[in-house]
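All chains are named by letter (A, B, ...) in the order of the sequence lines, taking the proteins before the strands, and each is independently numbered beginning at 1. Keep in mind that what you see is a predicted model, and the values were worked out from it rather than measured.
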Amino acid sequence: MKNANQELNSIFYVAEEMVNDNGEDCFYHDVIDNKFIIASLDGCGGSGSKRYKNFSGKTGAYVASRAVCGGVKAWFLESNEEEDLPTYVQDALSVCKKYADKAGRIMGSLSKAFPTTAAIITGNILRDKCEITCYWAGDSRCYMLDAKGLHQLTEDDLDGQDAMSNLTNDGVMNNSINASTSFEIHSKKIVVGYPCILLTATDGCFGYLNSPMEFEYLLTDSLVKSKNITEWKIALNERMNTVTGDDYTLCVAVCGFADFEDIRNSFVKRNEYVAEKYLNSQQDVNDLWDIYKKNYSLYL
Amino acid sequence: MASNYKITYNVDMVFCIDCTGSMENIIEIVKNNALNFYQDVTSAMEKKHKHISQLRVRIVAFRDYLTDGKDAMLVTDFFKLPQETEEFEKTVRSLNADGGGDDAEDGLEALAYAIKSKWDTEGMKKRQVIVVWTDAPSHILGYGKESENYPNGMASDMKELSAWWGSVEHPGFMDNNAKRLLLFAPDAPDWNVISENWDGVLHFPSEAGKGLENLEYEEIINTISNSIV
């Protein structure tokens, strides 16, 4: 019989920035005893495009994702209590504000100080299940992938109706972590069974595809064509790099499988099904989405 | 898979330019800003792999209805770029600073014209951008309605104009996700009211963009071109 913490098979990230040393994404993953964390953050390049001389000329978005990621790390290592997370995030933003240049001259609702999204999953690994908590703000997402398919666990802070409309409508973000206005870090507890794969992703991972179905296919097709985790990481990176127009960060926690062969075999049928049913179909993509979203939205 | 898939944008821009006498010493700068602005936004979007499939630009040149009568408002249709670049540039170059009367101008009427533009509603993703360049506060809406040239159907007050701009709960004449308003205008009534209360606004409080530093200009271009607020 395996120990509880042996149920965590692997934890890793895949990330790339569009412009070297100027990427506005950040990530953190860690494991302590039977607890783990995966976190993907995306500094908001539009509202946070002000550059700060005191931060080496970097943008507010660049600084925010890193500072808040540091706050998340400190929170996980020192507390990991749900009610403490906002305080750690606010402390990180306070440091940004303290050392920032004097306020710029540009005003208006489009401009915010140190804005970033965050998608975080913390997990408590038990012998037969995993108790997870998702925390998020903005349009970065937490997901679970199991043999039944991909499930979005968090609701986008966008004005659009669902994941499909948010791909095409370019919805306005109505909540993000920032130092100018009030914001909310949402949280949600879920108990998940083994085996499963948990993911946190910035919008560069999924936001440049035709549909949410294509994101699932990207994940599973790269997996079933790989021989080990390293190959899967490389394949994920190659595929996202091909389609995206933005920085991207994907953090992955693989739980409850016997070995890589077991992971791969668990998704062969599902991968074939998604390809045949959703990607190679002649049906309208919106009609296909209506079918797909029932399972995809199971946890929303 | 979508390896050859490209998200494309239809971008509409309306440039509202104060052409009163007080703009005389900076009108050439503003005209150059207008001619460069759409190119700078489109190249910033291209850098982010946001490909523009259609770009249209329109001019609203404004003065003061009571003082300038029929010359108070010059409104063009949209120019399709790059096909109509020559006509667009010729129109911008032809603008001259003249008239205006008192300190304040009829900038809100120009903004109202811009908001009610025939925006493109097609395309995968859209951007609807209004840019205002002025060195003056605005008159209240309707200040010039004694003029025989004052338009019928104009927003009667700031409350109505705000409704035309719209909000998430009550959309106006523009696409709520696509709309952006960029003000190069003084921190004075009613520009500061708009700056503080409307969604999707970026306000550089100066005389029509005078004294804008490179870093500030980059911030403005990136804020307008990047997708999410």
Side-chain angles (χ1 to χ4, degrees), chain A residues 18-19 24 42 44-53 57 59-61 101 104-112 115 117 138-139 157-160 165-176 203-204 207-211 214-215 217-218 221-222 239 242-247 275 279, chain B residues 1-7 9 44-51 123-127 167-169 171 175-184 187 191-192 194-206 211-229:
Chain A
M18 291 292 290
V19 182
E24 288 164 344
D42 178 6
C44 305
S47 55
S49 58
K50 176 180 165 58
R51 290 191 181 275
Y52 294 86
K53 290 176 187 167
T59 64
D101 318 3
R105 292 187 287 175
I106 294 171
M107 312 188 300
S109 55
L110 277 178
S111 183
K112 287 191 171 70
T117 73
D139 64 350
D157 282 329
L158 294 171
D159 291 334
S165 77
N166 286 337
L167 281 179
T168 53
N169 289 344
D170 209 9
V172 174
M173 200 187 298
N174 52 41
N175 179 50
S176 64
D203 69 336
Y208 289 79
L209 297 166
N210 276 316
S211 68
E214 288 194 359
F215 186 52
Y217 184 75
L218 185 154
D221 199 55
S222 56
R239 292 191 187 212
T242 306
V243 294
T244 195
D246 200 355
D247 306 326
L279 301 193
Chain B
M1 270 299 283
S3 56
N4 296 317
Y5 179 70
K6 280 182 181 177
I7 292 175
Y9 284 76
M45 291 179 74
E46 291 289 336
K47 272 186 197 168
K48 282 270 190 178
H49 293 206
K50 291 172 184 167
H51 304 282
M124 244 171 175
K125 293 196 177 191
K126 297 177 283 292
R127 256 308 160 273
S167 61
V168 176
E169 297 79 18
D175 183 307
N176 213 54
N177 292 328
K179 69 185 183 187
R180 305 283 186 269
L181 172 59
L182 174 54
L183 298 173
F184 293 105
D187 185 7
W191 304 119
N192 49 12
I194 289 170
S195 173
E196 286 167 21
N197 294 288
W198 288 13
D199 294 337
V201 177
L202 208 58
H203 182 191
F204 183 73
S206 75
L212 188 65
E213 291 175 9
N214 284 343
L215 274 180
E216 291 169 326
Y217 186 66
E218 184 202 17
E219 180 183 345
I220 287 165
I221 295 296
N222 285 332
T223 306
I224 295 295
S225 59
N226 286 344
S227 62
I228 304 218
V229 180

Quick one: what part of T244(A) sits under 4.5 Å from any heavy atom of chain B, side chain, backbone, both or neither?
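Contact with chain B is through the backbone of T244(A) alone.
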
Please look at M18(A) and chain B and tell me whether the side chain, the backbone, both or neither of the residue comes under 4.5 angstrom of a heavy atom of that chain.
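Side chain of M18(A) only, per the 4.5 Å heavy-atom cut-off to chain B.
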
Sequence-distant partners of D175(B), salt bridge (Lys or Arg N to Asp or Glu O under 4.0 Å), two or more places apart
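If we apply the salt bridge (Lys or Arg N to Asp or Glu O under 4.0 Å) test to D175(B), skipping adjacent residues, the hits are K126(B).
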
Report the residues that fulfil salt bridge (Lys or Arg N to Asp or Glu O under 4.0 Å) with D246(A), sequence neighbours left out, ordered by chain and then residue number.
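Counting only residues at least two positions away or on another chain, D246(A) forms a salt bridge (Lys or Arg N to Asp or Glu O under 4.0 Å) with K48(B).
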
Interatomic spacing from [atom1] in [X] to [atom2] in [Y] - rounded to 0.5 Å:
X: E169(B); Y: D159(A); atom1: CD; atom2: CG; answer: 8.5 Å
X: M107(A); Y: L183(B); atom1: CE; atom2: CG; answer: 8.5 Å
X: R180(B); Y: S109(A); atom1: CZ; atom2: OG; answer: 9.5 Å

Taking side chain as everything from C-beta outward and backbone as N, CA, C, O, which of these in N197(B) sits under 4.5 Å from a heavy atom of chain A? Side chain, backbone, both or neither.
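N197(B) has no heavy atom closer than 4.5 Å to chain A.
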
S111(A) side-chain N/O to L202(B) backbone N/O, donor-acceptor pair under 3.5 Å
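No.
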
Who wins among G48(A), P115(A), G108(A), G138(A) for the most heavy-atom pairs under 4.5 Å with chain B?
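So the answer, after comparing G48(A), P115(A), G108(A), G138(A), is G108(A).
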
